[in-house]
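Notes follow once the structure below has been shown.
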Amino acid sequence: EVERSEDIQAARIQLPVYGEEYKIMDAIHNNDCVIICGETGSGKTTQVPQFLFESGYGSKNSETAGMIGITEPRRVAAVSMSNRVCKEMGNCGDRVGYQIRFDGNVKKQTALKFMTDGVLLREMMSDFLLTNYSAIIIDEAHERSVNTDILIGMLSRILRLRRQYHQKDPAQYKVLKLVVMSATLRVSDFSENKVLFPVVPPVLKVDARQYPVSVHFNRRTVFNYMEEAFRKTCKIHRRLPKGAILVFLTGKAEINTMVKRLRKEYPFPKDAGQIYNEVPDVLVNSKNADVEVEEIELDANEEEMVDDYEDNEEEEEEKEEEEGFEETLEEDQTAEDPLYVLPLYSLLPTKEQMRVFEEPPQGSRLCVVATNVAETSLTIPGVRYVVDSGRSKERKFNEDTGAQLFEVGWISKASADQRSGRAGRTGPGHCYRIYSSALFESDFLQFSRPEILRMPVESVVLTMKSMGIDNIVNFPFPTPPSRHILDKAEKLLHYLGALDDEKRITEFGKKMSLFPVSPRFSKMLLIGNQQKCLPYVIVLVSALSVGDPFLSEFDLGIKMHELKEEDEVVEDQIQIERRRQILSKFNKSREMFGSLDKFSDSLRLLFAVCSSDHVGAQQRDEFYRQNFLSSKLMNEIRKLRKQLTYIVRINTSRDSLAASRVKEGDLKLDKPNGKQVQAIKQMVASGFIDQIAVRADVINSELKVTSNTRIINIPYLTLFPSVDHPKEDDDPFVYIHPSSILVQSGEVPPDYLVYQTLQFSSEASKNGSRKLRIKPLNDIK
Ligand code: ADP
Ligand code: MG
């Protein structure tokens with residue numbers, strides 16, 4: 001019943017998946033779950049939904065009446081694939097629709113619904129059995145996004161339930177089919193996971209026609225990858241035969257800079273008319289859509305990246321002949337031909353995204369500058385040359401501090417291979433990797449780790465609870481975190497007020513789940529919105545996430561006691577005097593930073609970070625040196641602050657993602673007033689509510705703390721067990737870390753303390769067991 005145009009049909013027949021229609025549909029008829037692996041561009045996304053449609057899925061009044069749902073990890077893919085399939089379906093085009101969180105065109109007659117995975121997860125909350133669907137296709141499962149993993153876990157149960165219901169009441173309930181599609185063969189986490197699928201699902205492999213791609217590594221890894229990508233792209237355009245160029249960068253700001261620069265370098269003739277449009281940003285904020293990793297602005301200044309580069313190095317580089325430039329221009333090409341440069345990233349309006357599929361203007365070469373979207377989600381036609389920066393933006397997780405952040409990092413070997421594969425779709429191609437093969441071998445993981453393992457477990461649990469998944473411990477994860485870790489995460493979320501006593505999500509927990517930071521910190525940020533404390537809380541969250549930037553006396557090699565051991569004076573007097581001076585400077589600086597509150601390490605940290613904002617960028621390193629701060633950590637704190645400020649803005653304002661840019665000046669803060677100091681301490685306590693210690697003599701009067709007791713030897717007890725598996729002869733107490741402001745103050749430390757971490761100290765206590773030390777944040781009243 002589907003009537004397609006001739007050219008569409010001709011194109012379909014070319015696709016490797018097309019020849020497998022019978023095999024695929026046969027497997028789906030005979031199994032509730034089927035896995036399909038096929039190289040990018042083999043036709044999975046566009047064809048498999050149509051196969052299902054043509055065999056009756058989605059047609060009214062049949063056994064398979066419900067819609068066919070197709071999920072994508074990215075908005076771009078959901079929208080553009082639905083557009084493409086709509087076009088392919090000819091007379092039945094109106095049966096295709098899409099839904100992304102803030103936009104959609106699904107109608108009553110829609111039979112094929114493309115959506116982001118987040119949309120389907122939300123639908124499950126109101127209709128757990130997904131009764132509106134007869135089949136679900138999970139696309140791009142190899143990407144292992146958290147949403148995909150959770151979806152597959154949920155669906156494995158829904159399949160069984162739908163089968164059971166169907167057997168009891170066939171008129172009311174139909175079975176559900178699940179198709180998992182992957183661009184790689186690495187699907188054993190799904191196929192061989194008995195908890196997930198007790199019956200092993202068949203894995204169908206689609207062989208793709210792939211032409212050879214020669215891979216050329218740079219001799220040396222160039223760290224200014226923007227510059228190198230630009231140079232390579234220009235050289236390809238000037239010297240090599242026809243064929244589109246695809247450049248992989250990490251995010252929107254980079255891409256826009258590169259596009260501008262390339263357009264300027266190889267312009268269209270003046271009389272060519274208007275080739276490029278002014279492109280507005282898609283207006284979307286995180287309330288309306290799942291923010292995709294690539295959209296997070298990492299640095300406030302990315303957008304203002306310098307536009308005027310000097311190209312004096314070029315001459316020199318040319319002498320040293322590079323690999324992959326053996327061919328020459330074709331007869332009707334010149335080195336000055338216009339380059340038709342198009343950006344491709346999620347925040348681009350759909351109409352602009354779709355332009356990459358169109359023919360470039362006569363006499364020009366197509367060049368697409370893209371994020372990861374072009375790695376497996378979208379196949380751009382005619383690509384012969386790939387320039388791979390080797391990098392992408394991704395979620396990272398600092399296991400020491402529990403902090404979650406977004407960073408540009410190396411991609412995996414598997415991703416690099418996918419990227420180079422993009423050059424071999426229509427003929428033999430070339431891939432230029434602008435990093436060395438040695439680096440590729442030593443620093444690139446074989447496969448990227450599933451996103452779920454790159455997030456704090458508490459965040460995963462909170463996300464799942466926000467989706468209404470209550471029984472986390474028994475959830476069939478494709479890659480499950482350990483039960484113990486899940487238990488602990490639930491407890492923490494309960495302490496933080498994100499879960500109620502039945503371990504169900506609270507209203508507050510729902511709000512917390514919107515922040516892509518670990519729950520402790522999202523709680524602090526949410527509460528921080530009071531008394532104009534939010535910017536301070538952002539400073540603290542960043543600093544606590546990155547780690548302690550204060551260099552210790554030990555780092556400086558000027559430990560107190562060394563100075564006192566004068567009986568062993570081998571050193572001369574001058575040396576000792578010099579050390580004494582350093583120590584005095586050290587103490588003065590620490591005192592100054594500690595002047596906001598004598599019992600609060602967190603406020604001392606806040607003071608140090610904020611002080612550095614009032615120093616000019618050029619003087620900052622000197623300031624860090626003068627004040628015994630690690631410049632590396634201080635710079636990282638700055639970076640994270642910008643990121644968090646941005647994330648908080650898009651979560652708290654109606655602005656679009658693009659409009660919420662953070663400027664350097666936005667970071668400059670005044671000294672908090674007395675009220676704010678108190679409020680900040682409470683906010684810190686609220687985020688570490690499960691990490692409270694009480695001075696032992698407060699609850700046990702037999703223990704006496706005298707003025708002679710050294711502060712680092714005063715025993716404290718933690719309110720919750722301090723170690724998971726205590727040993728019989730463990731010292732039951734914990735002690736203050738020597739670096740704390742409390743040690744410096746010389747006063748009896750407060751009754752109650754919140755602390756950031758517990759760690760075993762290097763020295764042993766009297767009975768030989770290890771001593772546990774807390775790093776205090778501040779006192780609580
Ligand atoms: P897979 O999902 O296996 O990676 P797809 O189904 O996405 O493959 O792509 C199959 C083919 O359809 C590719 O050659 C791709 O270039 C083409 N295609 C996809 N979308 C469009 C479009 N909007 N316009 C033209 N061709 C398209
Ligand atoms: Mg696809």
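Read the numbers this way: they start at 1 and go in the same order the structure lists the ligands and their atoms.
For ligand 1 and Met354, the ligand atoms under 4.0 Å from any heavy atom of the residue are 23 (N). Counting atoms of ligand 1 from 1 in the listed order, those under 4.0 Å from a heavy atom of Ser42 are 1 (P), 3 (O), 8 (O). Of all the atoms in ligand 1, the ones that sit under 4.0 Å from a non-hydrogen atom of Glu39 are 3 (O).
A donor-acceptor contact closer than 3.5 angstrom is absent between the side chains of Ser182 and Glu140.
Of all protein heavy atoms, the one lying nearest to atom 2 (O) of ligand 1 is Thr45 OG1, 2.6 Å. The protein heavy-atom contact nearest to atom 13 (C) of ligand 1 is Arg425 NH2, 3.7 Å. Scanning the protein heavy atoms around atom 4 (O) of ligand 1, the nearest turns out to be Gly41 N, 2.6 Å. Ranking the protein heavy atoms by distance from atom 20 (N) of ligand 1 puts Arg84 CG, 3.4 Å first. Looking at atom 11 (C) of ligand 1, its nearest protein heavy atom turns out to be Leu15 CD2, 3.8 Å.
A side-chain contact (heavy atoms from CB on, under 4.5 Å) with Leu151 is found for exactly one of Val180, Val146, Ile158, Leu121, namely Leu121. Only one option out of Leu329, Leu262, Leu339 pairs with His237 in a side-chain contact (heavy atoms from CB on, under 4.5 Å); it is Leu339.
Within the 4.0 angstrom cut-off, atom 15 (C) of ligand 1 has one or more protein heavy-atom neighbours.
Between the side chain of Glu331 and the main chain of Gln333, no donor-acceptor pair closer than 3.5 Å is present. Side chain of Arg4 to main chain of Asn91: no donor-acceptor pair is present (N/O by atom type, distance under 3.5 Å, no hydrogens or angles). No donor-acceptor distance shorter than 3.5 angstrom exists from the side chain of Thr110 to the backbone of Lys113, with no hydrogens or angles considered.
In this structure, Phe230 has its ring center no closer than 6.0 Å to that of Tyr225. Separation of the Phe53 and Tyr57 ring centroids does not fall under the 6.0 Å cut-off.
Using a 30° and 60° split on the angle between ring planes, His430 and His216 fall in the parallel class, below 30°. Using cut-offs of 30° and 60° for the angle between ring planes, the Phe477 and Phe475 rings count as perpendicular. Ring orientation note: the planes of Phe217 and Tyr435 are nearly perpendicular, at an angle over 60° on the 30°/60° scale.
Inclusion of Thr379 in the set of residues having an N or O under 3.5 Å from an N or O of ligand 1 is warranted. At least one N or O atom of Lys44, backbone or side chain, sits closer than 3.5 Å to an N or O atom of ligand 1. Distances between N or O atoms of Glu88 and those of ligand 1 include no value under 3.5 Å. The shortest N or O to N or O distance between Thr40 and ligand 1 is not below 3.5 Å.
Residue-level proximity to ligand 1 for Lys87 is absent, since no heavy atom of it falls below 4.0 angstrom.
Within the structure, ligand 1 has Gly43 among the residues with a heavy atom less than 4.0 angstrom away.
With 2.8 Å as the limit, Thr376 does not count as an N, O or S neighbour of the Mg ion (ligand 2).
Here the shortest heavy-atom distance to atom 9 (O) of ligand 1, taken over Val383, Val48, Thr46, Val206, belongs to Thr46.
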